[in-house]
Amino acid sequence: MVTDDPTPPYEQLRRQLIELVRFGVLAPGDRLPPLRQLAADLGLAVGTVARTYRELELAGIVVSRRGGGTRVAAAPPFEPDPTEALRDRATAFVREARLLGAEDDQIVSAIARVLGR
């Protein structure tokens, strides 16, 4: 988790797990760590991880079964549109650039140079 990120921890974790599924690091049928274990590993409250898992289940990305744990859904519903992932990465880039002291025009200029414009 990014401690200086104003995004709530459950949302940060949700996004990270979605990316792991989207990019195949977590495959359909893979079991996610138990709530207590993941909470302890990340230094989060169990309720925070439980909320993340609930939201992922409501979105159809994971399925939970009593006694069977939480697993990646057989066919997670992902759109081919990369808009959300790009926005997340752009947000992280801008945050880091501002921590370096860059002004908005410098940030835009750096992106334009990368795009070859």
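Excluded from the calculations below are hydrogen atoms, water molecules and symmetry mates; all remaining heavy atoms, backbone and side chain alike, are included.
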Closest non-hydrogen atom pair, D30 against V25: OD2-O, 4.1 Å
For A73 and G60, work out which heavy atoms get closest and say how close. CB-O, 3.3 Å
Output the distance between atom CD1 (I61) and atom CG (L32), rounded to the nearest 0.5 Å. 10.5 Å
So among R15, R14, Q16, which one has a side-chain contact (heavy atoms from CB on, under 4.5 Å) with I18? R14
Considering only Ile, Leu, Val, Met, Phe, Trp and Tyr, and joining two whenever side-chain heavy atoms are under 4.5 Å apart, list the other residues clustered with I107. F93, V94, I111, L115
Can a side-chain donor-acceptor contact be found between R87 and T91 if the only test is distance below 3.5 angstrom? no
Name every donor-acceptor pair, under 3.5 Å, that has one atom in a side chain of residues 40-59 and the other anywhere in the protein, sequence neighbours excluded.
unit_1, atom_1, unit_2, atom_2, d
R51, NE, E55, OE2, 3.3
R51, NH2, Y10, OH, 3.0
T52, OG1, Y10, O, 3.1
T52, OG1, T48, O, 3.1
Y53, OH, P33, O, 2.6
E57, OE2, S64, N, 3.2

Does V108 have any side chain to side chain contact (heavy atoms under 4.5 Å, CB included) partners at least two apart in sequence or in another chain, and if so, which? none
In this structure, would V63 and L13 fall into the same cluster of hydrophobic residues linked by side-chain contacts under 4.5 Å? no
Pair E19, R22 - check salt bridge (charged side-chain N to carboxylate O under 4.0 Å, His left out), show working. CA-CA 5 Å; E19 289 209 357; R22 180 175 281 138; 5.4 Å; no
Separation between CZ (R71) and CG (L26), nearest 0.5 Å, reads 12.0 Å
